[in-house]
Amino acid sequence: MVSKLKFLLNQRITPKQALQIHACIIVNSVTHLEPLLVRQVLLSVSNYSASIIRYVELILHHMQAPDAFSWGFTVRFLSQNGRFSEACSLYSEMQRLGLCPSSFAVSSALRACARKVDKVGGSLIHAQAHKLGFCGCVYVQTALLDLYSRVGDMETAQRIFDEMPERNVVSWNSALSGYVKTGNVKMARKIFDEIPEKDVVSWNSMISGYARVRNMEQAALLFQQMPERDSASWNAMLSGYIDYGNIESARRLFDAMPQQSSVSWITMIAGYSKCGDVDSARILFDQIAVKDLLIYNAMIACYAQNSRAQEALQLFNDMIQPDVDILPDEITFSSIISACSQLGDLTSGFWIESCMRKLGIRMDDHLITALIDLYAKCGSIDKAYELFNDSRKKDVVSYSAMILGLGMNGRAVDAIRLFKEMVEAGINPNLHTFSGLLAAYSHAGLVEEGYRCFKSMRDYGLVASVDHYGIMVDLLGRAGLIKEAYNLIASMPTQPHSGVWGALLLACRMHNNVEIGEIAGMHCFELEPDRAGYYSLLANIYASAGLWTNVKKIRNIMQEKGFTKVPGCSWVESGLYI
DNA sequence: CTAGGGTTAG
């Protein structure tokens, strides 16, 4: 068996073959493998990142006594392929086994902590590197510099940088990107100007620094001045224009690029997604000759974020077909679960969960939160609660999902309690949190408390969005406080959308208020002329007041517009309410 | 090995 494996490994193996080797190891329980052999397995498969990562870890765990090299290699391998959590846990595991990490493993583990923005974990490794005497190694120093830069501790980063006896261009660039990431363009520029030999990465970092603070003029200036541009330079400009909200400029740049990379396509698709232009995103997507996992993820996310759940699921289905055969990852599933949640489709939720188990997908915080939302929206509030309670890291997103779910399931008291718990835990609520909380008050009909809650948003430094006003109008309107609801709309700092006026119109129908109902109706007609529901609501308001001439007028308009049937109960489905 | 550009949850 071992000799057979050895033979295979001396060939140039493909990912599929590597998988077969792995299967052999498992099936035949070859646990007495020599470290050398496993080392070769690791080296062979490391050329095929994405789909093979999970197996590397498995292989390691099937070795009898892996040596420090194999552990270190695996840590580096995982860290370089975006599996930061796995890299960190393997790093600590090798130490529990009494193996001494090399500077190789240390810098990889530091990189993993840096990317995870895990300052505590990173500091522990820092202390350890110190003890092991690795702090004189320029790679370790640069990794430390990068760690503190990424967690936003620029004082420590600067200190490490100052104490470095020798700096290479990577060290300079790490410090530079630290200031770029913390939004300190001034210091970034200072570092940039001091770099003895700037390379293309230095220029790119500085460009994205300007792009980050929306200074596209300076970014464009540097872009023109730089001696050579690579793909990342163009992409930095591209994402700058997109964050700036200037999709047209982004597209012009995209079309002018000498060569679009995978990153360019993804940036562009995400850009269209952000401004709601799903169709343009799809047109781009279809033009891509070779689509990888991240491109599928971007397009699926685009559908999911723009309420086109059905298409998200369809694309997911396409990508797992044998002719495409791309393995989905955590990010794919986050979007897919969100899509199922939008459809209120618990059945496909179960299917997705079994799919994830089959693929060995790890439940990360994003996935747990997505599942909480799915179960909560589908009425399985207890299952959602279970997930929430079991989750290690509760943040503002998972709390918000849970609060929203409780409110929707008529458990306003629990929602309010959870909100208090969250604030006491030192987690700051955001706009999403208040959408859920206000909706809970609205469902429970707690007018005064809801209004107080709405007012309290300011105390958290939050400015209510149109949607929050919509919920408040609904809350007041249902309680019959039509005039107050109307005044609230009048006091809005931004233009109300049709949802807000629609909520008022519905309240007027419930309480038969002709005067304000007319105003609300007119606004609705103006904002959404082709929605029949608004017309019939106003007609009903007139009818209830016996204003039959007005009823007739509305009916005539409806006929002219070709609205034949008067929708009765489509209001909930039509999305006026969440 | 360490640095720059991209995809995820309410």
Side-chain angles (χ1 to χ4, degrees), chain A residues 72-73 75-77 79-80 82 102-111 114 137-147 149-150 168-178 180-181 195 199-209 211 230-240 242 261-271 273 292-302 304-305 328-338 341 364-374 376-377 395-405 429-436 578:
Chain A
F73 186 90
V75 171
R76 196 204 71 165
F77 175 74
S79 165
Q80 280 183 336
S102 59
S103 66
F104 197 75
V106 168
S107 58
S108 300
L110 281 173
R111 177 190 144 102
C137 163
V138 73
Y139 290 119
V140 174
Q141 284 170 341
T142 305
L144 282 169
L145 171 57
D146 184 51
L147 168 78
S149 295
R150 277 179 194 268
N168 56 29
V169 67
V170 180
S171 328
W172 282 99
N173 289 344
S174 282
L176 171 59
S177 83
V180 164
K181 288 227 155 63
I195 302 178
D199 66 0
V200 65
V201 176
S202 325
W203 286 89
N204 292 347
S205 295
M206 200 60 238
I207 287 174
S208 71
D230 67 1
S231 164
S233 325
W234 289 89
N235 293 333
M237 289 297 293
L238 191 63
S239 66
I242 283 169
S261 69
S262 166
V263 175
S264 329
W265 293 100
I266 294 164
T267 311
M268 209 55 222
I269 289 173
S273 173
D292 61 17
L293 171 66
L294 266 69
I295 288 172
Y296 270 93
N297 282 351
M299 193 61 225
I300 291 173
C302 174
Q305 286 163 352
D329 68 353
E330 288 83 354
I331 292 180
T332 326
F333 280 108
S334 294
S335 298
I336 286 303
I337 294 168
S338 161
S341 166
D364 64 15
D365 302 328
H366 278 265
L367 281 174
I368 290 173
T369 308
L371 282 172
I372 289 173
D373 176 64
L374 171 71
K377 285 217 177 97
D395 65 358
V396 61
V397 187
S398 56
Y399 265 107
S400 302
M402 202 58 228
I403 289 168
L404 180 77
N430 60 22
L431 291 176
H432 284 284
T433 325
F434 276 99
S435 296
I578 318 271

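The structure presented is a predicted model; accordingly, all values stated were derived computationally and were not measured. Letters go in sequence order (proteins before strands), and every chain restarts at 1.
- For DNA chain B, the span of nucleotides reached by chain A at under 4.0 Å from its heavy atoms goes, 5' to 3', from B:dC1 to B:dG10.
- Among the protein residues, A:S108 comes within range of no part of the nucleic acid, since none of its heavy atoms lies under 4.0 Å from any strand.
- Residues of residues 168-178 of chain A that place a heavy atom closer than 4.0 Å to DNA chain B, in numerical order, are A:V170, A:N173, A:S174, A:S177.
- Contacts of A:T267 classified as side chain to side chain donor-acceptor pair (under 3.5 Å), with partners at least two apart in sequence or in another chain: none.
- The ring pair (Phe, Tyr, Trp, His ring centres under 6.0 Å) check on A:Y399 picks up A:F388, with sequence neighbours excluded.
- Evaluation of the side chain to side chain donor-acceptor pair (under 3.5 Å) rule for A:D199 yields A:N173, A:S202 as partners, not counting sequence neighbours.
- Among the protein residues, A:V180 comes within range of no part of the nucleic acid, since none of its heavy atoms lies under 4.0 Å from any strand.
- For A:R150, the salt bridge (charged side-chain N to carboxylate O under 4.0 Å, His left out) partners at least two apart in sequence or on another chain are A:D146.
- Scanning for salt bridge (charged side-chain N to carboxylate O under 4.0 Å, His left out) contacts around A:D365 gives A:K393, with sequence neighbours left out.
- Between the side chain of A:N297 and the backbone N or O of A:I300, no donor-acceptor pair lies under 3.5 Å.
- If you take OG on A:S264 and CD1 on A:I269, they are separated by 10.5 Å, rounding to the nearest 0.5 Å.
- Annotation: side chain to side chain donor-acceptor pair (under 3.5 Å) contacts of A:S231 (sequence neighbours excluded): A:N235, A:S261.
- Applying the side chain to side chain contact (heavy atoms under 4.5 Å, CB included) criterion to A:S79, with sequence neighbours excluded, gives A:A87, A:S108, A:R111, A:A112.
- Using a 4.0 Å heavy-atom distance criterion, A:S262 is classed as a base contact.
- Nucleic acid contact for A:S231: base, since at least one base atom lies under 4.0 Å from a heavy atom of the residue.
- The strand DNA chain B forms no stems, meaning no runs of 3 or more Watson-Crick or G-U wobble pairs with distances below 3.5 Å.
- Nucleic acid contact class of A:S261 (heavy atoms, under 4.0 Å, all strands): base.
- For A:A232, the side chain to side chain contact (heavy atoms under 4.5 Å, CB included) partners two or more places apart in sequence, or in a different chain, are A:N204, A:D230.
- Listed by chain and residue number, A:S171 satisfy the side chain to side chain donor-acceptor pair (under 3.5 Å) test with A:T142 (two or more places apart in sequence, or in another chain).
- Heavy atoms of A:D364 sit nowhere under 4.0 angstrom from any nucleic acid atom.
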